[in-house]
Each structure stands twice: as structure tokens, then as C-alpha cells.
Amino acid sequence: MGINRNGNASEFGWQFQIESGIIAALKDINKIKSINIEGPLQDVQLCLNDGTEILIQAKSYAGVPIEEGTKTGWSDKLTSAMIGLFEDYIQDKNNTLKYYFNFPHPLGKDKGGKRNFGLDKFGEVYGFELTGNQRKIIRDEITDFVNKETNKSKGKPKTTLTIKDVNASVDDFINKVSIRYCDFQNYRDDSRKYSNLDTIIKDFLENNSINVSISRLRDYWTTKSFSNGSKKYYMDRNNFLFGIIIIKSSFDSEDLMGHKLNISQRNKLYDRFKMAIESTFALEDF
């Protein structure tokens, strides 16, 4: 069952997490062991070869068009993302922390500054690169939330963070977290919706001298491999990259003389691919 490309906000949020996972995986493909969407800790988790993780909070706005004055709920999204990442930072300061979003003014229009952070030609923006006002917005969002949860009279706090954690570590946390705008809008036209992701896939393939259909590979990753929002996703690096071989060989369609490759043949192909790709990674040529 494939993804409903024009689904509701929840389904679109799942699609945005998938896009974020693919972008992050391709960016650090030589370092990762596995990709986990809707992981136990964050929206996107990449396990690295050195034992650390890349943890990503991916927040999206599903309505279109997104204009300058659109009320995207940036404050609630920012608070949720930063609290989640900060909690993990307190547990392990060695992980890489990222906030991905698809809407303008993620820190607010009045004092938040730029419309977009980290367009592809600029890359991600780290916390230590932000202005004083921008850092204050993040700090205040975290502080206000922790204060509110700590001091409420009834119910269990919605965070494990304490004011002591905030006072001791929030500035170091902000320095380490990076933020990135990802151009992914809820258009019905796939060529518009996936244009940014297709460009990133195209650059990855060209940089590695791989000639396969960009749209078919993207479709494989976003619909077949990642299933849909009702199923949590986990894939190791080899299985992720094996999609390239599947698309290149047309073994996943009826194109090969009207027949699909049977499971045994596909497993043998995968075994050969795994040996080749691991040797290539070892030589750092990929």
C-alpha cells in the first residue's frame, strides 16, 4: 500500500518525516548504519558507525500555499521540537541534533529573522550562528514550557527537563542544534511537491556516477520502501541503497520480459550487491 500523496495533515507530516530521513541519509551516507522513521526517540533517527546518532525533529505545515502571513503554528512546533531534542541532549551530549521544517519564519516573523534557514546552497544553520534575538526565542520557548510543566498543580509534567537543566545547559544545547528549511509542500503535482528532494537525489547520483531514474528511485523510497504512516520504518544502509540496484535493473517491475525476479534470485542479487557496496565503502570511494 503506497502513501496517499494528498492526505491529511497527519499523513503529510509522515511524508515530511520520510523526506527528512532521505535528505539526512544521503548527506551522511558514508557514516550511517541505519535509518529509522518515527524512531523510539525522535521523528528521524540515523544510527552512525561510531555508535552515535543523528536525531531529527521534523515539523511540517500541510496547508498550501504557505505565504508570509500564514499562521503555521511555528511557536508550538518550535517548542515541541526543541523540548524533544533538549531532553535527548541531556541524556547524551554526543549525538547530532537537527530541526527540519517546511514553513516560513520558524522562529517567528517579528524577531525571528530570515524567511528560510538553510536553503540547499547555504546548508544548515547552527545555533551558534543565530542572532541574539533568535537564540533568545528558542531559550524563552524552552524556559516557559519547563516552568509551566514544573509548576502545574495537577497531572504529570510533559517533560523530564527541570529548570536546573535549563539554567545549566540550554545555551550549550542551542549552540549544538542545527536548523534547516526543507522545501516540501502539499501540492498535488508531484513534480512540484518533490522538486527539492529530486534535486538532492540527482546530485547524489551524479556525484557517484550512478545513472538511474530519479523519479522512480524517489518513488521507491517514498512509497514502497517506507510504506505508510501506519507502519514504523526501519532500514539499514544496505537495504536503503539496494533500492538503486532494484530501479537500475528494473527487477521490481514487470519490465523484464513480463516477469518479476523471484525471491531467491533477488536475494542472490542482494548478497552480491552487499559484498560490492561494503567493499566500496571500505575504500571510501562511494
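Scanning all heavy atoms of the two residues, the minimum distance from Phe204 to Ile244 falls at CE2-CD1, 4.0 Å. Contact detail for Tyr99 and Lys59: the closest heavy-atom pair is CE1-CG, 3.5 Å. Summarising the geometry of Ser34 relative to Tyr234, their closest heavy-atom pair is CB-OH, 3.3 Å, with the distance given to 0.1 Å. Of all the heavy atoms in Arg218 and Tyr194, the pair that sits closest is NE-CB, 3.6 Å.
In this structure, SG in Cys47 is found 9.5 Å from CG in Asn95, a value given to the nearest 0.5 Å.
Put simply, Leu48 and Met235 are part of the same group of oily side chains (I, L, V, M, F, W, Y) that touch within less than 4.5 Å, one to the next. Linking Ile, Leu, Val, Met, Phe, Trp and Tyr whenever their side-chain heavy atoms come within less than 4.5 Å puts Val170 and Ile90 in one cluster. In this structure, Ile163 is a member of the same hydrophobic cluster as Met82, with clusters built from ILVMFWY side-chain heavy atoms closer than 4.5 Å. The cluster map of Ile, Leu, Val, Met, Phe, Trp and Tyr, joined by side-chain heavy atoms under 4.5 Å apart, puts Tyr126 and Ile142 in different clusters.
A donor atom on one side chain and an acceptor atom on the other are not found under 3.5 Å apart for Gln17 and Tyr100. For the residue pair Gln134/Lys136, the side-chain donor-acceptor check at 3.5 Å is not satisfied. With no hydrogens or angles considered, no side-chain donor-acceptor pair links Asn133 and Thr131 at under 3.5 Å.
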Query raised in the report: Passes salt bridge (Lys or Arg N to Asp or Glu O under 4.0 Å), Asp236 versus Lys33? Steps please.
Result: CA-CA 6 Å; Asp236 66 29; Lys33 290 176 62 178; over 6 Å; no

**Report entry** Candidate pair Leu85 and Phe173, rule side chain to side chain contact (heavy atoms under 4.5 Å, CB included), full reasoning
**Finding:** CA-CA 9 Å; Leu85 292 173; Phe173 161 73; 3.8 Å; yes

Query raised in the report: Do Val44 and Asn36 pass the side chain to side chain contact (heavy atoms under 4.5 Å, CB included) test, and can you show the C-alpha distance, the side-chain angles, and the key distance before you say yes or no?
Result: CA-CA 6 Å; Val44 179; Asn36 196 337; over 6 Å; no

Report task. I would like to know whether Thr96 and Glu53 meet side-chain hydrogen bond (donor to acceptor under 3.5 Å, both in side chains); could you show each step before the answer? Result -> CA-CA 6 Å; Thr96 301; Glu53 292 186 290; over 6 Å; no

Query raised in the report: Please walk me through it: do Phe145 and Ser80 pass side chain to side chain contact (heavy atoms under 4.5 Å, CB included)?
Result: CA-CA 9 Å; Phe145 183 85; Ser80 176; over 6 Å; no

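In this structure, the side chains of Tyr61 and Asn102 come closer than 4.5 Å at one or more pairs of heavy atoms. Side-chain contact between Leu46 and Lys31: absent, with no pair of heavy atoms (C-beta onward) separated by less than 4.5 Å. Phe12 places a side-chain heavy atom less than 4.5 Å from the side chain of Lys193. Residues Pro104 and Tyr181 are not in side-chain contact: their nearest non-hydrogen atoms beyond the backbone lie 4.5 Å or more apart. At least one side-chain heavy atom of Arg237 sits less than 4.5 Å from a side-chain heavy atom of Ile29. Side-chain contact between Gln45 and Ile56 is absent, with no heavy atoms from C-beta onward closer than 4.5 Å. By the 4.5 Å heavy-atom criterion applied to side chains, Ile201 and Leu205 are counted as neighbours. Side-chain atoms of Asp43 and Leu55, non-hydrogen and from C-beta on, never get closer than 4.5 Å to each other.
In this view, Thr79 and Glu141 satisfy the side chain to side chain donor-acceptor pair (under 3.5 Å) rule, not counting sequence neighbours.
For the pairing with Leu217, the side-chain contact (heavy atoms from CB on, under 4.5 Å) check across Asp198, Thr222, Ile210, Val212 returns one residue only, Val212.
Around the NZ atom of Lys152, the shell of radius 6.0 Å holds more than 12 heavy atoms that belong to other residues, nucleotides or ligands. Open room surrounds CG on Asn211; 12 or fewer heavy atoms of other groups in view lie less than 6.0 Å from it.
A cation-pi arrangement is found for Lys93 relative to Tyr89, the charged atom lying closer than 6.0 Å to the ring centre and inside a 45° cone about the ring normal. Taking the ring centre of Phe103 as origin, the terminal cationic atom of Lys77 falls inside the region bounded by 6.0 Å and 45° from the ring axis.
Ring centers of Phe240 and Phe242: at least 6.0 Å apart, outside the cut-off.
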